[in-house]
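None of these values were measured; they are calculated from a predicted model. Note that these values count all heavy atoms, side chains included, but never hydrogens, waters or copies made by symmetry.
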Amino acid sequence: MAIVVIPLWWLSRHLISTRMNVPRVPGTAPRKSHLTLSNKQYTKITGTIASVRKSRHPGGYSLEEEEEPQVNGTRRSSHATVDITKEPSFIAEQSFIRAPLNSRVASRIVPAKKGKAKAEPLDNVPLDIQEAMILEDLLFALMGIEGTHIVYNLDEFPEDDDGLLKGIQFSVSVQLDPSLRDLVERIIPLATYYTSISTFVELRSHLDYGLVNHALCAAIRDMLKDYQTLLSQLEHAFNSSPSFTLQKFWFYIHPTLHTMSLIYSLVCELSQTDTSSDESNSGSSDDDDELNEELGLASGLKAVKLNEMGIGGGGIVKGGEVVAILWDRMQNMSGDPTAFKLYGKLFKAAGRPFASTVEQWIRTGLLKDPYEEVMVKESKFINRGTLEMDYTDEYWERRYTLRDGSSLSAPSKRHQAGVPPPRTAGGRLPGGACIPPFMESWKHKILLAGKYLNVIRECGLEIKGDTQGADEADWDMSSDKFYKSIEDGYTYANRTLLKLLMEDQQLVPRLRSLKYYFFLSQSSFLTHFLDLSASELRKPVKGVSIVKLQSLLDLALNSGEVLGYKDDVKVTMATSGLYEWLLKVVSVSGAIAGEGEELGVGHSVGAVSTGEAVTDDPSTKEKDKGKKDLQGIDALTLDYNVRFPLSLVISRKTILRYQLIFRFLLHLKHVEQMLTSMWVDHKAPNWRVPTTEHTEFTQWRSRVFVLRARMLAFVQQILAFATVEVLEPNWRKLEAKLGKVTTVDQLLRDHVDFLDTCLKECMLTSSKLLRVYSRMLVTCSTFALYSAHFTKSVNQGVAALAQSDKEASSVPMQKRWEFLGRFETNFTHFSKVHHDCVQFYASSENVALLSLVVRLENVRTTAQTIPP
């Protein structure tokens, strides 16, 4: 059996001609025939033909017709050219993929062609007929469709989506009666509002705009349904009631006009913010993108742009920024009941996705924010594995942060890296970085609640929120229940993590071990270690063997009493001297701490925790080159290994504070040991042999004794003050606070405050005190280093007196007095300056130094009376 293939073009032409040639007798019902098609069938067939033609011929066909035939007695509008490739089809439909909340067929408003029939003049039309005609046009215009006498204003017709967001302007025929025209012009802005809002809902339903915008568009879409229902009712009244007039139309539509104007103003604000940010982002050219692609930076820069929501321009308005705008409008227009109710409804609807994300974060510690809409930002490249290998507290500081860059220690860091710039100078931050005003006081609790839960989960403990379902009633940010859930989640996370740290991880014994090793509360191990490693520590830093020192430290720790966590103590060498390093830090930050000399080592010292130079001043580098290499004893310090989660409390920044105090005490111990060794040398017979005939030589020896005694007394008083009156009392206070602590925040704050107080009271946070104090200790250590020189000089003097029968002229004293005088002058000068500085700071800033003032005053008054 042969198969006959009928061309599609012939079939379509045959169907059309058949429909045109079917005879119809007036007054009789049309005879049913298989060759007669309804409008629906005709549209379906022509659409199928267009789709097939498009698939076979990508270039498309153009069907030129002078005039389309009549179909079922109706005449289609004529067009000069019909491009079949532009026919709407479900095959070519793509807007549904990008915006599933929109209708499947995208609606675009197109102005009328030139071929449209002209409107009939209204000069001789009666007033009631004009009113009926304009009412019909109004019903069309309020749906965004131009009528006969109310048409689009082609001079201001928008050409793109940005223009459509401002709404389409309509113009009313000038031939209309003035009274009717005045009333129509009051109503016609509603058409502009409707077109703008409809475009906004369609565009903001795209996936890129986030869940908050989607929820806002859904709420506005529900309001537009009510608006369309009202128009349907008005159209029914117009068609069925002869008494329906334009005045009644105005009466029914007037409340809706105010409501739509409020939505329109909101749409304009959101759209203008987007437009301004797009204009500021237009500076980046395609050439830059190509260059970045060649350099392999395109993916990274794209990720940064996505994560930071358009740094340099702000990006689209979404998430917390939309919620903040709605909240501001609701508060600013609280005097208007309609506006307050409307914005309150939109705020509640748009805030549900935002509140649900926050609620899930504080309940389970899981952050599901694909569009970066909430205030918490997650850095997924920082994980527990990196934390254990690198031994840093980046997990705590950088794994989860606030998008606005603020923290408890620094409330505002808008200009730091990673924080997007505000929309305008001093204005709102964009997107999720914008924290709504009503949540500003809760942001740190929200961040810490989820962060604590993540710590608990990584330790293998079960979280209560993982097994409990979410209550959608908690997603209303205008109710107190939402904030109560935040407080409850924060309290639960705090108590659980605090119990984990204090009981399971034994935090207090760990802190006691830190006090033992770094504060030298029982320094027998240190004395033994210094004796064993004396020869190694006299070498320059570059020649010191860390492995050898570590083995000697292990030997010293294992030879005495049993100590806890001794395997975690390690030896390390700093790259610069303690006081030089502290002075560099102070010169950068103004003081190691901020206001009131409180230590802010977390940022200033933390920046140089690796021991690198803080300043790039060329003169400073030249001075550093001229200095001698550090000896091992001056660079010696201890380190302490702590694993997660204890590293959240005993972090690198807190370990750095412990190291500063340890080096301070070690230096004092070393100088005291040197002066004590000098005192042992002074016990030799030649220092004690009577030389009454040579009084000048006897006086010189006595002056050496006195200077050594003054220096030793000064060092011992500083050491006693630091250990007995600073470290020990503050440690007792910390222990008392740890016994009463109720939150992890309080625990961290108490620990850091303890270390900051110790550093401040040990005079390590003031540049003036540091300079004078360092010169004092340099003078003392240098004097102790010349102990052998003084002993040699005494031996030579005693031998000369013995050979010359104790004649005074046999022992030259001028050089001896000059050499000793330099030490006496320097020590006396710096001692007085140091005493004055301590007295000043004790009376103005640090009252804890008053006891040190008393100690130094006793040294000054009694040191000169010490017998040799």
Side-chain angles (χ1 to χ4, degrees), residues 138 142-143 165-167 182-201 204 212-234 237 246-273 317 319-355 428 434-442 472-484:
L138 269 177
L142 294 184
M143 291 296 295
L165 284 171
K166 298 178 182 178
D182 179 67
L183 198 53
V184 169
E185 288 180 347
R186 296 184 191 179
I187 302 173
I188 204 63
L190 189 57
T192 302
Y193 300 160
Y194 176 77
T195 56
S196 172
I197 296 169
S198 299
T199 305
F200 174 83
V201 170
R204 292 287 172 135
V212 174
N213 276 316
H214 294 172
L216 176 63
C217 291
I220 295 177
R221 189 180 290 108
D222 290 340
M223 295 180 180
L224 291 182
K225 288 181 180 178
D226 296 338
Y227 169 79
Q228 293 166 354
T229 302
L230 174 63
L231 291 184
S232 300
Q233 295 172 349
L234 293 176
L246 189 61
Q247 286 289 346
K248 286 187 177 181
F249 189 93
W250 166 250
F251 174 77
Y252 290 122
I253 207 72
H254 180 264
T256 305
L257 181 65
H258 178 53
T259 302
M260 295 289 282
S261 67
L262 294 174
I263 303 177
Y264 175 74
S265 64
L266 172 65
V267 167
C268 289
E269 181 177 355
L270 295 174
S271 304
Q272 289 173 1
T273 307
V317 180
E321 190 175 8
V322 176
V323 176
I325 291 174
L326 288 170
W327 173 263
D328 291 340
R329 282 184 164 269
M330 188 169 64
Q331 297 302 311
N332 295 335
M333 304 188 72
S334 58
D336 184 353
T338 304
F340 184 79
K341 183 178 180 180
L342 171 69
Y343 290 134
K345 183 177 180 180
L346 294 178
F347 170 78
K348 184 176 180 179
R352 288 178 69 84
F354 186 90
R428 288 191 309 266
C434 178
I435 300 177
F438 59 90
M439 298 194 73
E440 188 70 29
S441 59
W442 293 89
E472 295 188 4
D474 296 341
W475 296 352
D476 184 6
M477 292 188 292
S478 60
S479 67
D480 296 336
K481 191 176 181 180
F482 173 71
Y483 302 101
K484 186 178 183 301

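Every residue two or more places apart in sequence or in another chain that forms a ring-ring contact (aromatic ring centres under 6.0 Å, His included) with Tyr193 is listed here: Tyr264. Considering only residues two or more places apart in sequence or on other chains, Ser232 meets the side-chain hydrogen bond (donor to acceptor under 3.5 Å, both in side chains) condition with none of them. With sequence neighbours excluded, the residues forming a salt bridge (Lys or Arg N to Asp or Glu O under 4.0 Å) with Lys484 are Asp488, listed by chain and number. Under the side-chain hydrogen bond (donor to acceptor under 3.5 Å, both in side chains) criterion, Gln331 pairs with no residue at all, not counting sequence neighbours.
For Ser196 (side chain) and Thr192 (main-chain N/O), no donor-acceptor pair under 3.5 Å exists by modelled atom type. For the pair Tyr483 (side chain) and Trp442 (backbone), a donor-acceptor distance under 3.5 Å is absent.
The CD1 atom of Ile197 lies 8.5 Å from the OH atom of Tyr227; values are rounded to the nearest 0.5 Å. Rounded to the nearest 0.5 Å, atoms CE (Met260) and CG (Leu142) are 9.0 Å apart. Considering CG of Asp226 and CG of Leu231, their distance stands at 11.0 Å, rounded to 0.5 Å. Between the CD1 atom of Ile220 and the CZ atom of Phe200 there is a distance of 5.0 Å, given to the nearest 0.5 Å. The CD atom of Glu321 sits 12.5 Å away from the CD1 atom of Ile435 when rounded to the nearest 0.5 Å. Atoms CG and OG1, from Leu224 and Thr229 in turn, are 10.5 Å apart once rounded to the nearest 0.5 Å.
Between Thr195 and Gly167, the shortest heavy-atom contact is OG1-CA, 3.5 Å. The two residues Phe354 and Gly319 come nearest to each other via the heavy atoms CD1-C, 4.4 Å. When all heavy atoms of Ser271 and Leu165 are compared, the pair lying nearest together is OG-CD1, 3.8 Å. Here the closest non-hydrogen pair linking Ala324 and Pro436 is CB-CA, 4.0 Å. Across every non-hydrogen atom of Leu216 and Ala350, the tightest pair is CB-CB, 4.0 Å. For the residue pair His214 and Arg204, the shortest heavy atom distance occurs at CD2-O, 3.4 Å.
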Which pairs of donor and acceptor atoms, one on a side chain in residues 246-256, lie under 3.5 Å apart (sequence neighbours left out)?
none

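Ring orientation note: the planes of Phe347 and Phe438 are nearly perpendicular, at an angle over 60° on the 30°/60° scale.
Contact check for Glu269 versus Val317: no side-chain heavy atoms found under the 4.5 Å cut-off. Between Met143 and Gln228 there is a side-chain heavy-atom pair separated by less than 4.5 Å. At least one side-chain heavy atom of Leu138 sits less than 4.5 Å from a side-chain heavy atom of Ile188. For the pair Leu326 and Leu266, the minimum side-chain heavy-atom distance is below 4.5 Å. Leu346 has its side chain out of reach of Arg329: every pair of non-hydrogen atoms, C-beta onward, lies at least 4.5 Å apart.
Pairs engaging residues 184-198 under the salt bridge (charged side-chain N to carboxylate O under 4.0 Å, His left out) rule: Arg181-Glu185, Asp182-Arg186 [sequence neighbours left out].
By the neighbour-count criterion of 12 heavy atoms within 6.0 Å, atom CG of Asp480 is sparsely surrounded, having that number or fewer from other residues, nucleotides or ligands.
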May I have the step-by-step check of side-chain contact (heavy atoms from CB on, under 4.5 Å) for Met333 and Leu342, ending in yes or no? CA-CA 10 Å; Met333 304 188 72; Leu342 171 69; over 6 Å; no
